[in-house]
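One structure is given below, encoded as structure tokens.
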There are 2 protein chains.
Amino acid sequence: MATATTESISVNLINALDDRGLRRTSARAAVTSRIEQISDAFTAEQLCRELPGVGRATVYRTIRHLVDAGALCKLPILDGAPKYSIARVEHHHHTICSRCGAVGEFRHSTVERVMRSLGKEIDGDIVGHRMEIFITCNSCLAASRSGESGG
Amino acid sequence: MATATTESISVNLINALDDRGLRRTSARAAVTSRIEQISDAFTAEQLCRELPGVGRATVYRTIRHLVDAGALCKLPILDGAPKYSIARVEHHHHTICSRCGAVGEFRHSTVERVMRSLGKEIDGDIVGHRMEIFITCNSCLAASRSGESGG
DNA sequence: ATGCTAATTGATACTTGATATCAATTGATA
DNA sequence: TATCAATTGATATCAAGTATCAATTAGCAT
């Protein structure tokens, strides 16, 4: 989605856990390798459903470790559970389809430049930012076009 | 906070409900007038606590109506319940203090201009956007400065 | 003003998302 | 291999929010 690069995913999520001094367990291997297989953003419950052999608590705990390690980014969804996606690039923002909920990523230097100019207008120290663009994605657009005659 | 204007709040939230064909009830009056008194962003639970005479369900329902009417904006908080603030200006963004959670508002034309240029790079139709700036607010900065000697 | 009726209320039960508990299990090291 | 702390996962619990539904009430017609 957007200008999503096709760079091969060499992320080894389990290494991110390793680096934090956490043990290599079969449960963690199952969770991380499943996440690596998922191309879209996912919810914790989705992962639980897809990994019935791993306890719910462990799935949630592992996700939390990965977020703490910076290997996953957690993005809040209005009216729903947060979604997670692999933090492939250092800093990026998200597109969220307001119809189907599909999440994409983008990067734009101007966004970062704007942040600097905003610094002068805002009281306090800026420590980070998040931008979300709500879209109607191409497949939803196509779907609504083909079903338009229905009224 | 930020460049918060001191413009008198002439918002009459209950009118927003009126406009949607909803009845003027004492419960709704209690909820809306309480919201108008709160200067900061608030959570639904906070409102329930402050209005023990109004049922929880009614508080949540009224908030939902106000959001639907565009009179409140709902902003997602990572690791917590969403906060609501009166939509005083047509379009704006938020600053969130990552220490104390205080929410402020700002407006910057460049942000809107960037959106237009992003339109070319993003697949699908842009239907909206949201930007949040994470800050350490001045009072938290002051607090940490005065306690700095502690080590 | 009075009665009528549909909208509204709120106590309660429930749903969903997520965390705490803790006995049983397991990985890493000596 | 023995040891022991880290980890697991079933279960209970918590928190945020919604559905239910009998009782109440606002707004209208008269």
Side-chain angles (χ1 to χ4, degrees), chain A residues 12-35 38 41-69 72-85 101 103, chain B residues 12-35 41-69 71-85 101 103:
Chain A
N12 235 321
L13 290 179
I14 203 147
N15 286 347
L17 301 180
D18 244 1
D19 294 347
R20 306 206 102 210
L22 300 169
R23 288 185 178 171
R24 248 160 212 279
T25 68
S26 59
R28 284 175 182 156
V31 173
T32 53
S33 72
R34 183 79 199 93
I35 292 175
I38 303 175
F42 59 91
T43 64
E45 286 302 316
Q46 175 187 343
L47 215 52
C48 289
R49 250 177 286 122
E50 294 176 358
L51 295 168
V54 180
R56 185 179 310 279
T58 300
V59 170
Y60 275 93
R61 274 188 293 237
T62 306
I63 288 175
R64 187 142 36 104
H65 282 310
L66 290 168
V67 171
D68 289 348
L72 283 186
C73 45
K74 177 177 183 175
L75 56 141
I77 301 291
L78 277 178
D79 305 314
K83 287 191 171 186
Y84 301 88
S85 66
V103 173
Chain B
N12 235 321
L13 290 180
I14 203 148
N15 286 348
L17 301 180
D18 244 3
D19 293 348
R20 307 205 102 211
L22 299 170
R23 288 184 178 173
R24 248 161 211 279
T25 68
S26 58
R28 284 176 182 156
V31 172
T32 54
S33 72
R34 184 79 198 94
I35 293 175
F42 59 91
T43 65
E45 286 302 316
Q46 176 187 342
L47 215 52
C48 288
R49 250 178 286 121
E50 295 177 357
L51 295 168
V54 180
R56 185 178 311 277
T58 300
V59 170
Y60 275 92
R61 275 189 292 237
T62 305
I63 289 174
R64 188 143 34 104
H65 282 309
L66 290 167
V67 171
D68 289 348
L72 284 186
C73 43
K74 178 177 182 175
L75 57 141
I77 302 291
L78 276 178
D79 305 315
K83 287 191 172 185
Y84 301 89
S85 67
V103 174

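All chains are named by letter (A, B, ...) in the order of the sequence lines, taking the proteins before the strands, and each is independently numbered beginning at 1.
Between A:Arg56 atom CZ and D:dC14 atom C1' the separation is 15 Å, expressed in whole Å. Distance, A:Leu17 CG to C:dG27 P: 15 Å, rounded to whole Å. For A:Leu47 and C:dA18, the CG to P distance is 12 Å, given to the nearest whole Å.
Comment: B:Asp18 does not engage B:Arg23 in a salt bridge, judged by the lack of any side-chain N to carboxylate O separation of less than 4.0 angstrom.
Checked by atom type, the side-chain pair B:Asn15/B:Arg20 shows no donor-acceptor distance below 3.5 Å. There is a side-chain donor-acceptor pair under 3.5 Å between A:Glu45 and A:Tyr60.
Phosphate proximity of C:dA18 to A:Tyr60: present, with a side-chain N or O under 4.0 Å from OP1 or OP2. Note on A:Thr58: a side-chain N or O is less than 4.0 Å away from OP1 or OP2 of D:dG9. The side chain of A:Thr25 places an N or O atom within less than 4.0 Å of a non-bridging phosphate oxygen (OP1 or OP2) of D:dT8. In this structure, A:Arg28 reaches the D:dT7 phosphate: one of its side-chain N or O atoms is under 4.0 Å from OP1 or OP2.
Among all heavy-atom pairs drawn from B:Ile14 and B:Arg28, the shortest one is CD1-C, 4.0 Å.
A:Gly53 comes within contact range of the sugar-phosphate backbone alone, with a heavy-atom separation under 4.0 Å but no base atom that close.
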Restricting to nitrogen or oxygen on both sides, can you table the protein-nucleotides 20-24 of chain C pairs closer than 3.5 Å?
none

